[in-house]
Structures are given as structure tokens and as C-alpha cells.
Number of protein chains: 2
Amino acid sequence: MTNPTDFTDRELDIMGVLWRLGSGTVADVQDGLDRPVGYTTVLKQLQILEEKGAVRHERQGRAYRYHPVTEAQETGGNALRRLLDTVFDGSAEMALARLVSEAPPDAREIARMRAILDELDADAGESEGDDEEEA
Amino acid sequence: MTNPTDFTDRELDIMGVLWRLGSGTVADVQDGLDRPVGYTTVLKQLQILEEKGAVRHERQGRAYRYHPVTEAQETGGNALRRLLDTVFDGSAEMALARLVSEAPPDAREIARMRAILDELDADAGESEGDDEEEA
DNA sequence: GCGCGAGTACGAAAGACTTCGTAAATAGGA
DNA sequence: TCCTATTTACGAAGTCTTTCGTACTCGCGC
């Protein structure tokens, strides 16, 4: 991973396309990839991913349509945890600093990110306040 | 993918130890790893990492002491960018949501994370104001 | 100076990943 | 029905990773 996850690099490329599209045929995925890869190569990867339980397929006309089974967010979470542990020394703060420098969010996104932090405070407050409410 | 970077999974394990310790001998790194790995295996990885320019070594007594050359933050940044692109659909907000659910920060850390976002607003304000100042 | 033990160098074996060639199957139209 | 184009199935080749065994080296103590 310089596998960020449970997936290998190429598998992650494929999953990325499926997550973005929602689902796709072999040709769809092939088109969605950044870099040119043979048709049967993509098919093979999808078959491997299916063995691993990461995707499933259904017939569509004479072709197969593949759907992701594992959620993007779950995969991302695992990868983030690994990154946090190995490179950011467990510090969410450092990770955030790097995150925003990699992809500077616009004002609206910053506002929503603040909201996420506010929500954290609220949750912390609630659990600390449980005793008071119950009393 | 799990490769999160330029490094393979095992390489990242090794680099993680070096980043944490600052530097270390082969034995130090071996001890620092979660999982048992042969001494020569660790040595070999370090030699490979040195070929790649990720670490350097200096003599210490009869042994070598290895120092990381690449920064943890840089590696983390690359990995974050990949994650952002493939699994979080380019949204720093989604990444943050997952980040805090993976490693819930305490109040002090939340405060510092807010500060990072504040800093972003400040920067955005400054650059928007550049024209006015120049005019 | 010599020997011993700690350490490094080398290379090969095993396994995983990636890629694709070729064969087989299938559906639709002539 | 039969042919063709599209698609899947299989499997093997090439490459990269990971692991470690074995041989060599070097420095320190006697």
C-alpha cells in the first residue's frame, strides 16, 4: 500500500474509479483509469477484487457490471489510521495541517470542517454532562 | 495499498520506526517493529532504503546508525493526496470527518486544529486583499 | 597479534502483484 | 441456423517485495 490500506496500488486505482462512478463495466473502469491498461488486465483485477469480496457483479446485457462492496470511507479510515500511526505520530493535528496544505479548502469547506470540530466538542460535552442530566 | 506513498508497506514500517526514534541502529529498528523480523531482513530493508535515498548511515562503533532523509511529513502529504483523490473524492472535509472518528482528538488538540483552520482563513483574506494593497 | 563475537554484504528463494495472450463462451443479426 | 463481435475465463510470464541463510569483515579484549 505504499498501500494505503488493504488494497494494493493498482487495486486502489480500480476501486477509486468504481467509487467515483458508483458502478461500472470493465470498459467503464478501463476508461476511468488515468493511465492506459489492457482490457483483460482490468478484468483480471476486478476478478481478483471480487475474490477478496471488495466488489460484486451482475449481468448487464452480455457484459458484467461491477459494484463496489467495501465503502470508500471505510478504506479511507483504515489508511488514515495507518498514516497517523506511522508518519504523523498519532497526531490528528499534524495530519490536518498537512491535509489542508495538500488540498487547500475553500471558505465553505473550511466552515464545514469547523462544524465537524464543533460537533466533537458537543459530543465531549454531552458525555461529560451525562451525570448532571441524570441527576 | 494499501501503499500510502512512495514506500512499500514494509519500508513504511521501517521508516515509521526511524521517524519515531529520530535515528537508530539495525537492532534499534528491529526492536521498534511491531512484528518479529529477522535481523538481516531489517538490515536489507535499510540498505534498500538507502539505495532509494530515503535513509543514510554513519558509523557508530562497529555498527551503523541510520538516519531518515525523507521527512515524515512529506511522505504523509503524498499519501494524503492519494487518499484524497481516490477515496475521499477530493474532499478535505470528508477526510477530516473520518480522521477524527479514527483518532478522536482531545479538547486541546481540537483547539489547535481550529487554529489551523483560522490560519487558513487569515491567509485567504490576505491573498484576496493583495490587489487592494497593491492598488 | 589472535581469536571471538557483533555486524555487514551478498545473493538467492519464495511469494505477491501486474500484465496480458489466447482460448472459450455468448448474444445478436444476417 | 451460423457468423461475428464482444466479453469473460484461464493461466503463465515478468517484475517487484520480502525474507533470510551464509560468508565475509572489523574491532575489541586478552
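What you see is a predicted model; the values in this text were computed from it and never measured. Residue numbering restarts at 1 for every chain, and letters A, B, ... go by the order of the sequence lines.
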Check side chain to side chain donor-acceptor pair (under 3.5 Å) between [X] and all other residues, then give those that pass, not counting sequence neighbours.
X       : answer
A/Glu58 : A/His67
B/Ser23 : B/Arg65
A/Asp28 : A/Thr25

Going by ring-ring contact (aromatic ring centres under 6.0 Å, His included), name the residues that satisfy it together with B/Tyr66, two or more places apart in sequence or in a different chain.
B/His57
Can you name the salt bridge (Lys or Arg N to Asp or Glu O under 4.0 Å) partners of A/Asp118, sequence neighbours left out?
B/Arg114
For residues 50-67 of chain B, which residues have at least one heavy atom under 4.0 Å from DNA chain C?
B/Arg62, B/Ala63, B/Tyr64
Polar pairs (N or O, both sides) under 3.5 Å between protein and nucleotides 11-15 of chain D?
unit_1: D/dG11; atom_1: N7; unit_2: A/Lys44; atom_2: NZ; d: 3.1
unit_1: D/dG11; atom_1: O6; unit_2: A/Lys44; atom_2: NZ; d: 3.2

In this structure, how many angstroms lie between the P atom of D/dT7 and the CD atom of A/Gln47, rounded?
15 Å
By side-chain contact (heavy atoms from CB on, under 4.5 Å), which residues pair with A/Ala97, not counting sequence neighbours?
B/Ile116
Residue list, side-chain contact (heavy atoms from CB on, under 4.5 Å) with A/Asp89, at least two apart or on another chain
A/Met94, B/Arg20
May I have all residue pairs that pass side chain to side chain donor-acceptor pair (under 3.5 Å) and include part of residues 35-46 of chain B, sequence neighbours excluded?
none
Give a yes or no on whether A/Leu46 and A/Ile48 share a hydrophobic cluster (residues Ile, Leu, Val, Met, Phe, Trp, Tyr; joining criterion: side-chain heavy atoms under 4.5 Å apart).
no
Bounds of contact between DNA chain C and chain B, in 5' to 3' order, using a heavy-atom cut-off under 4.0 Å
C/dG5 to C/dG11
Are OP1 or OP2 of D/dT18 and a side-chain N or O of B/Arg35 less than 4.0 angstrom apart?
no
Tabulate below the donor-acceptor pairs under 3.5 Å that side-chain atoms of residues 99-110 of chain B make, not counting sequence neighbours, or state none.
unit_1: B/Ser101; atom_1: OG; unit_2: B/Arg98; atom_2: O; d: 3.1
unit_1: B/Glu102; atom_1: OE1; unit_2: A/Arg81; atom_2: NE; d: 3.2
unit_1: B/Asp106; atom_1: OD1; unit_2: B/Arg108; atom_2: N; d: 3.2
unit_1: B/Asp106; atom_1: OD1; unit_2: B/Glu109; atom_2: N; d: 2.8
unit_1: B/Glu109; atom_1: OE2; unit_2: A/Ala92; atom_2: N; d: 3.1
unit_1: B/Glu109; atom_1: OE2; unit_2: A/Glu93; atom_2: N; d: 3.3

